[in-house]
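Report on the structure given below.
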2 protein chains.
Amino acid sequence: MVDRQQLESRVRIDLTAVVVAVDAGQPYVLTVDTDDAPGIALPSGPLVPGHRTLQAGLRAWVEAQTKCRLEYIEQLYTFGDRTSSPMEAGEEIDHRAVSIAYLALVSMPTDQLEMQAHWLSWYALFPWEDRREGPSPLINDLHDRLLAPASQTVTRNKRVWRQRVDHIFGTGLLPWDEERALERYEMLYAAGLVEETHRDHDQPPPSASAAAAGVSLAADHRRILATGISRLRAKIKYRPVLFELMPPEFTLSQLQKTAEALSGIPLHKQNFRRLVEQQNLVEETGGVATDTGGRPAKLMRFREDVQLERPSPGLRVSANRRARARAS
Amino acid sequence: MVDRQQLESRVRIDLTAVVVAVDAGQPYVLTVDTDDAPGIALPSGPLVPGHRTLQAGLRAWVEAQTKCRLEYIEQLYTFGDRTSSPMEAGEEIDHRAVSIAYLALVSMPTDQLEMQAHWLSWYALFPWEDRREGPSPLINDLHDRLLAPASQTVTRNKRVWRQRVDHIFGTGLLPWDEERALERYEMLYAAGLVEETHRDHDQPPPSASAAAAGVSLAADHRRILATGISRLRAKIKYRPVLFELMPPEFTLSQLQKTAEALSGIPLHKQNFRRLVEQQNLVEETGGVATDTGGRPAKLMRFREDVQLERPSPGLRVSANRRARARAS
DNA sequence: CGTCTTATTCTCAGGTTGAGTATATGCTCA
DNA sequence: TGAGCATATACTCAACCTGAGAATAAGACG
């Protein structure tokens with residue numbers, strides 16, 4: 001066996017955070033300003049000896065850079081940095097650094113949003129992911145460009161490529177799957193339809209494409225965010241993580257708005273309500289919210305002991321077909 | 001902002017593999033012998049400059065140590081090593097190393113199993129996880145020990161603790177959830193009911209407990225394996241990963257046996273079959289297997305183009321209630 | 001040829017889910 | 001003050017899915 005000590009390479013660990021909050025029915029991600037090109041990045045920093053755990057290191061960096069204190073944290077993925085082509089066959093390692101990405105959820109007091117304008121709406125970065133008002137017309141544009149010969153990457157067969165595009169973007173007759181946010185971003189990257197592709201290859205961006213492709217972030221941070229979005233969209237269906245984003249008291253409508261904000265699709269109101277009640281996830285506080293504009297809504301709170309009771313409590317959200325069709 | 005360059009700590013990256021195969025209805029994990037105490041470990045090694053990607057590094061180490069060539073690989077989790085208490089509040093970092101764990105699936109030719117006896121059955125390590133013949137009597141023993149005062153860890157309230165135990169181990173009236181393999185191991189670890197607890201705290205193991213607690217591995221490798229088991233048990237329900245473990249041609253019974261081996265629970269034959277057919281995951285090859293002991297079974301093969309077609313093809317396996325009740 | 005064993009097909013009741021209708025309740029403003 | 005508005009909440013229903021099991025098929029073995 002090889003002598004491990006001599007060969008091993010010591011690398012820097014970068015900790016990167018996708019910090020998510022929802023306010024007024026919009027999903028936000030916490031960002032910081034940078035000096036380099038794109039100007040915006042996710043909070044991140046290297047692991048230093050003072051950090052007792054990886055999560056503690058992450059917390060420290062986020063707090064130092066944004067004053068934001070994290071509660072719920074889960075690990076997302078570890079990237080061998082210096083990504084040249086995401087997804088395909090694993091990325092190249094920059095032997096100087098490996099970055100570990102985390103997803104954090106915070107319940108945002110409204111004032112914090114305005115205080116430091118570092119919260120960026122998800123859908124400024126991924127315009128095609130917001131389908132609450134139906135599929136955005138933008139999707140047709142992207143679809144056309146993906147089918148243009150220049151975009152076709154690995155797959156030779158044109159029919160197979162089209163099928164792959166339709167599958168991932170829910171075009172053709174295939175349904176939209178909101179959980180495929182990461183795959184969609186990676187496909188756009190591979191096809192050269194986002195700014196990062198050209199930046200990573202030291203090419204000038206083709207002037208035309210910028211329009212529909214959304215705001216880009218430093219390094220591979222937009223990809224990391226896409227990973228977080230996909231994970232979160234999947235997770236709300238089987239774990240009660242939604243409540244990490246809610247204030248202590250809320251109405252069922254607010255809860256639904258939050259679920260819709262994250263998943264990017266409209267939900268059927270009555271069924272959403274049935275689901276929440278059946279699962280016994282919430283209880284009435286007794287109070288009512290009168291500022292709804294219509295009949296006052298009962299205020300609810302999360303039942304803390306749910307964690308122990310049910311095998312996997314969550315909201316199996318599924319698109320409201322009528323609303324989906326209405327706007328398309 | 002702090003000067004990053006001065007503070008950052010460079011650490012070693014360890015790559016660890018959970019390589020899974022199924023043979024004759026038994027799930028196996030690939031292991032290597034070590035000189036240190038427990039004698040058995042998962043294949044692993046440090047990232048070295050020669051490795052072009054993290055996955056390539058993993059492949060190289062596994063191949064060097066076991067001659068086993070990996071196909072399907074996915075990342076499991078990144079651990080800040082030198083685990084003192086898993087789960088609770090994140091583990092302490094050994095600032096010398098961080099380890100990235102991967103799950104790999106291989107289809108095992110029968111001869112390879114015998115050639116190098118480095119394949120260890122999952123259920124030698126986690127006896128309580130095999131409920132194909134109903135819940136093992138062992139579970140009662142574990143249940144009793146977990147409820148003994150000494151085992152109670154963080155939670156003060158006795159009733160809450162009992163509920164947590166019941167929830168995770170499917171005791172009391174609560175159902176068994178095969179996906180909670182990791183939580184079960186971590187609870188046993190925290191309660192001092194597996195050897196690793198005492199080893200990690202430099203205590204002598206209480207002589208009595210060894211019986212039911214299963215074989216242990218080096219470092220935190222048994223925990224990493226538990227992570228892999230949980231992930232795999234969850235994943236077969238929504239992605240067609242099962243086929244990575246199958247030979248090119250197989251019968252539906254073999255497929256079911258494989259699913260049962262992994263999930264550790266008996267499945268309803270007719271419904272399993274219906275699921276596979278509905279989902280269009282397989283096609284007939286034309287051949288039949290005559291060595292079944294009864295009516296010959298049609299041979300099947302995986303339909304490769306499934307990946308593109310369905311949103312999330314997988315087998316939503318669920319326990320056969322009759323079989324579950326029969327043996328309890 | 002009867003029996004054993006496994007494979008394969010079919011049925012059925014209960015539950016879940018998507019979708020829609022009906023009713024309740026407070027507010028606003030004529 | 002009460003009609004209209006806007007939202008909240010309750011109830012209904014058909015289609016589909018799911019768990020469970022009965023019934024039938026096909027080779028092997030004595």
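Just so we're on the same page: letters track the sequence lines, and every chain starts at 1. The figures that follow rest on heavy atoms only: side chains count, while hydrogens, waters and symmetry mates do not.
- Per the geometry, CG belonging to A:Asp291 stands 22 Å off P belonging to D:dC5, to the nearest Å.
- Contact annotation for B:Thr251: no contact, since no heavy-atom pair falls under 4.0 Å across all strands.
- In the set C:dA7, C:dC12, C:dT9, C:dA7 carries the atom at the smallest distance from any side-chain atom of B:Ala297.
- Protein atom CD of A:Glu277 is 13 Å distant from nucleotide atom P of D:dA8, rounded to whole Å.
- The aromatic rings of B:Phe302 and B:Phe243 sit parallel to each other, their planes meeting at less than 30°, with 60° as the upper class boundary.
- Counting only distance, with no hydrogens or angles, the side chain of A:Glu260 and the backbone of A:Leu267 share a donor-acceptor pair below 3.5 Å.
- With the end axes of the helix from C:dC1-D:dG30 to C:dA30-D:dT1 each set by five pairs, the angle from one to the other reads 10° at 10° resolution.
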Item to check | Footprint string (nucleotides 24-30 of chain D, 5' to 3'): B base within contact, S backbone only, - free, heavy atoms under 4.0 Å | outcome: -BBS---

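- Not a single donor-acceptor pair under 3.5 Å links the side chain of A:Trp128 to the backbone N or O of A:Pro137.
- Residues forming a side-chain contact (heavy atoms from CB on, under 4.5 Å) with A:Asp166 (at least two apart in sequence, or on another chain): A:His143, A:Arg162, A:Thr171, A:Leu174.
- The stretch residues 282-289 of chain A has no heavy atom under 4.0 angstrom from DNA chain C at all.
- Considering B:Val20, B:Val29, B:Val19 as possible partners of B:Trp119, the one that fulfils the side-chain contact (heavy atoms from CB on, under 4.5 Å) test is B:Val19.
- Nearer the 5' end of DNA chain D, as judged by each residue's closest nucleotide, is the contact made by A:Leu252, out of B:Asn271 and A:Leu252.
- Following rounding to the nearest Å, B:Leu275 (CG) and D:dC17 (P) show an atom-to-atom distance of 11 Å.
- Remark: the backbone N or O of B:Val276 is not paired with any side-chain donor or acceptor of B:Gln279 at under 3.5 angstrom.
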Detail all sub-3.5 Å separations between protein N/O atoms and N/O atoms belonging to nucleotides 28-30 of chain C.
none

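- The distance between atom CD of B:Gln278 and atom P of D:dT18, rounded to the nearest whole Å, is 7 Å.
- For A:Gln270 against C:dT17, a side-chain-to-base donor-acceptor contact under 3.5 Å is absent.
- Atom-to-atom, CG of B:Leu255 to C1' of C:dT8 comes out at 16 Å; the value is rounded to the nearest Å.
- Between B:Glu179 and B:Lys237, at least one side-chain N (NZ, or NE/NH1/NH2) sits under 4.0 Å from a carboxylate O, which counts as a salt bridge.
- Side-chain atoms of A:Tyr72 do not come within 3.5 Å of backbone N or O of A:Leu103 as any donor-acceptor pair.
- Rounded to whole Å, the distance from CZ on B:Arg273 to P on D:dG19 is 17 Å.
- Residues that satisfy the side-chain contact (heavy atoms from CB on, under 4.5 Å) test with A:Gln270, not counting sequence neighbours, are A:His268.
- Between B:Glu178 and B:Arg131, none of the side-chain N atoms (NZ, or NE/NH1/NH2) sits under 4.0 Å from a carboxylate O, so this pair counts as no salt bridge.
- One atom, CD of B:Gln256, and another, P of C:dT8, lie 12 Å apart when rounded to the nearest Å.
- At D:dA8, one or more side-chain N or O atoms of A:Lys269 fall inside 4.0 Å of OP1 or OP2 (strictly under the cut-off).
- Distance, A:His268 NE2 to D:dT12 P: 15 Å, rounded to whole Å.
- A salt bridge links A:Glu129 to A:Arg233: at least one charged side-chain nitrogen sits closer than 4.0 Å to a carboxylate oxygen.
- B:Arg239 has no carboxylate O lying under 4.0 Å from a charged side-chain N of B:Glu244, or vice versa, which leaves the two without a salt bridge.
- Proximity of B:Arg274 to the phosphate of D:dT18: no side-chain N or O atom is located under 4.0 Å from OP1 or OP2.
- Relative to the ring axis of B:Trp176, B:Arg184 places its NZ or CZ within 45° and under 6.0 Å from the centre.
- The backbone N or O of A:Gln75 sits less than 3.5 Å from a side-chain atom of A:Arg231, completing a donor-acceptor pair.
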